[in-house]
Amino acid sequence: MLLGLDGVHVERVDRRDGLLIVTVSSPAAPTGCPSCGVVATGRGRRRRVLHDVPGVTRVRIVWRQRVWRCDEVGCARRG
């Protein structure tokens, strides 16, 4: 468990110019649409950069966040 986010795992750790860069992601597991419950389709990952993480050294967390799409015809979140 990293930063209280269950299921997030560390992919890579780099150190550059006094900065610790930690790249994390969540596992590729089936996820249901929050509106209709149909299993959503993965459509890649979005890169989120978290700054100002408290620690002894400067830390930047790069989160490779999964992006989902609902394919259910009648769903308001379809896209």
Side-chain angles (χ1 to χ4, degrees):
M1 188 182 304
L2 180 68
L3 302 173
L5 301 172
D6 191 27
V8 172
H9 66 275
V10 175
E11 291 182 352
R12 194 162 101 197
V13 177
D14 297 308
R15 189 177 293 272
R16 269 187 252 149
D17 302 321
L19 177 65
L20 187 66
I21 302 169
V22 182
T23 302
V24 299
S25 67
S26 54
T31 299
C33 172
S35 292
C36 69
V38 169
V39 175
T41 303
R43 49 178 211 146
R45 293 183 186 265
R46 175 182 300 132
R47 187 175 175 262
R48 301 272 187 189
V49 179
L50 310 176
H51 297 276
D52 301 324
V53 178
V56 178
T57 187
R58 290 180 17 207
V59 177
R60 177 176 299 150
I61 296 181
V62 178
W63 176 17
R64 296 183 59 240
Q65 180 184 23
R66 295 186 63 78
V67 180
W68 300 96
R69 173 183 77 226
C70 182
D71 291 329
E72 183 61 29
V73 175
C75 182
R77 291 186 184 231
R78 185 174 184 198

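What you see is a predicted model, and the numbers here were worked out from it, not measured in a lab. Every heavy atom of this structure was used, including side-chain atoms; hydrogens, water molecules and symmetry mates were not.
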Interatomic distance, Arg48 atom CZ to Gln65 atom CD [nearest 0.5 angstrom]: 4.5 Å
Stepwise side chain to side chain contact (heavy atoms under 4.5 Å, CB included) check, Ser35 with Cys70: CA-CA 9 Å; Ser35 292; Cys70 182; over 6 Å; no
Common cluster, Val8/Val13, ILVMFWY with side-chain heavy-atom separation under 4.5 Å: yes
Closest contact, heavy atoms only, Thr57 versus Gly18: OG1-O, 3.4 Å
Stepwise side chain to side chain contact (heavy atoms under 4.5 Å, CB included) test for Val10 and Val22: CA-CA 7 Å; Val10 175; Val22 182; 4.0 Å; yes
For Leu19, all residues meeting side-chain contact (heavy atoms from CB on, under 4.5 Å), sequence neighbours excluded: Ile21, Arg58, Arg60
Ser25 versus Glu11, side-chain donor and acceptor atoms under 3.5 Å: yes
Within one Ile-Leu-Val-Met-Phe-Trp-Tyr cluster: Val62 and Leu20, side-chain cutoff 4.5 Å: no
Spacing of CH2 belonging to Trp63 relative to OG belonging to Ser26, to within rounding of 0.5 Å: 7.0 Å
